[in-house]
**Q** 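There's a structure below that I have some questions on.
All values reported here derive from a predicted model rather than from experimental measurement.
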Amino acid sequence: MYQFSYAEIMEDGVADAKDRERQALERSIELLVAARDEGAYSRKTVEAVYYTRRVWLRLIEDLKQPENELGAELRANLISIAIWMLKECEQIRTRKSENYQGIIDVTTIIKDGLK
């Protein structure tokens, strides 16, 4: 039987969580790129906006948890970014904006910061 220290298990858990977050953000980027490239408001747009909203809402929920180990200032900054993302998604959903690239760029920066 293998024996692992608590620190090793926790480190693996954090690494796995970061990897899942990176994958979710990468999928969001892929969907947004497809919607942007298609041009007109389409099924791809609906898919991209819906998925992206779910990802950022989940991140907000995680950031609000007292168990979250990020510093308070960083959590607050990420929540502010998430709120901006949700507003931009809503603007696209209501056909008031086509700022896919802004959402893609910010999502890419956040994803790259998880490494």
**Q** With a 4.5 Å limit on heavy-atom distance, are the side chains of I103 and M85 in contact?
**A**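 A side-chain contact exists here, since the closest heavy-atom pair is under 4.5 Å.
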**Q** Please check if the number of heavy atoms outside Q65 that lie under 6.0 Å from its CD is greater than 12.
**A**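 Yes, because the 6.0 Å sphere around CD of Q65 holds more than 12 heavy atoms from other groups.
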**Q** If hydrophobic clusters are built by linking Ile, Leu, Val, Met, Phe, Trp and Tyr wherever their side-chain heavy atoms come under 4.5 Å apart, do V55 and Y50 end up in the same one?
**A**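 No, V55 and Y50 fall in different hydrophobic clusters.
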**Q** Are any of the side-chain heavy atoms of T108 and I29 separated by less than 4.5 Å?
**A**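 Heavy-atom side-chain distance check passes, below 4.5 Å.
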**Q** Which heavy atom in L59 sits nearest to a heavy atom in L25, and how many Å separate them?
**A**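 That closest heavy-atom pairing would be CD1-CD2, 4.2 Å.
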**Q** Salt-bridged, K87 to E90, with N to O below 4.0 Å?
**A**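 No, this pair does not count.
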**Q** Specify the closest pair of heavy atoms between C89 and V49, including all atoms of both residues, with the distance to one decimal.
**A**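 Here C89 and V49 meet closest at O-CG1, 3.7 Å.
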**Q** Using side-chain heavy atoms (C-beta onward) and a distance below 4.5 Å, is E98 in contact with I92?
**A**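 Sidechains of I92 and E98: no contact.
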**Q** Quick one, E38 with T45, criterion side-chain contact (heavy atoms from CB on, under 4.5 Å). Give me CA distance, side-chain angles, the key distance, then yes/no.
**A** CA-CA 9 Å; E38 187 155 302; T45 300; over 6 Å; no
**Q** Determine whether I104 and R36 make a side-chain contact, defined as any pair of heavy atoms from C-beta on separated by less than 4.5 Å.
**A**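 Touching, per the 4.5 Å side-chain cut-off.
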**Q** Taking W84 as the starting point, is it possible to reach I109 by hopping between hydrophobic residues whose side chains are less than 4.5 Å apart?
**A**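 In one cluster: no.
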**Q** What are the two closest non-hydrogen atoms of N68 and L63, and how far apart are they?
**A**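 Nearest pair, atom of N68 first, then L63: ND2-CA, 3.6 Å.
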**Q** Pair R27, E30 - check salt bridge (Lys or Arg N to Asp or Glu O under 4.0 Å), show working.
**A** CA-CA 5 Å; R27 179 67 179 142; E30 290 169 3; 3.5 Å; yes
**Q** Do other residues, nucleotides or ligands put more than 12 heavy atoms under 6.0 Å from E21 CD?
**A**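 Check passes, neighbour count above 12.
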**Q** If every non-hydrogen atom of N99 is compared with every non-hydrogen atom of E88, which pair is closest and at what distance?
**A**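 That would be ND2-OE1, 3.0 Å.
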**Q** If Ile, Leu, Val, Met, Phe, Trp and Tyr residues are connected whenever their side-chain heavy atoms lie under 4.5 Å apart, and connections chain through other members, are L114 and V106 in the same group?
**A**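 They do share one cluster, since a chain of ILVMFWY contacts under 4.5 Å joins L114 to V106.
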**Q** Could you go through E61 and R58, starting from their C-alpha distance and side-chain angles, then the distance that decides it, and tell me whether this counts as salt bridge (Lys or Arg N to Asp or Glu O under 4.0 Å)?
**A** CA-CA 5 Å; E61 286 303 314; R58 178 62 187 107; over 6 Å; no
**Q** Just checking, is any N or O donor in the side chain of T107 or S28 under 3.5 Å from an acceptor N or O on the other one?
**A**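 No, no side-chain donor-acceptor pair sits under 3.5 Å.
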**Q** Applying a strict under-4.5 Å side-chain criterion to I, L, V, M, F, W and Y, I'd like to know whether Y51 and V46 cluster together.
**A**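 Different hydrophobic clusters.
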**Q** In Å, rounded to the nearest 0.5 Å, how long is the span from CZ of R93 to CG of L86?
**A**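 Going from the CZ atom of R93 to the CG atom of L86 covers 12.0 Å.
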**Q** Looking at side-chain heavy atoms only, is the closest gap between W56 and I110 below 4.5 Å?
**A**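 A side-chain contact under 4.5 Å exists here.
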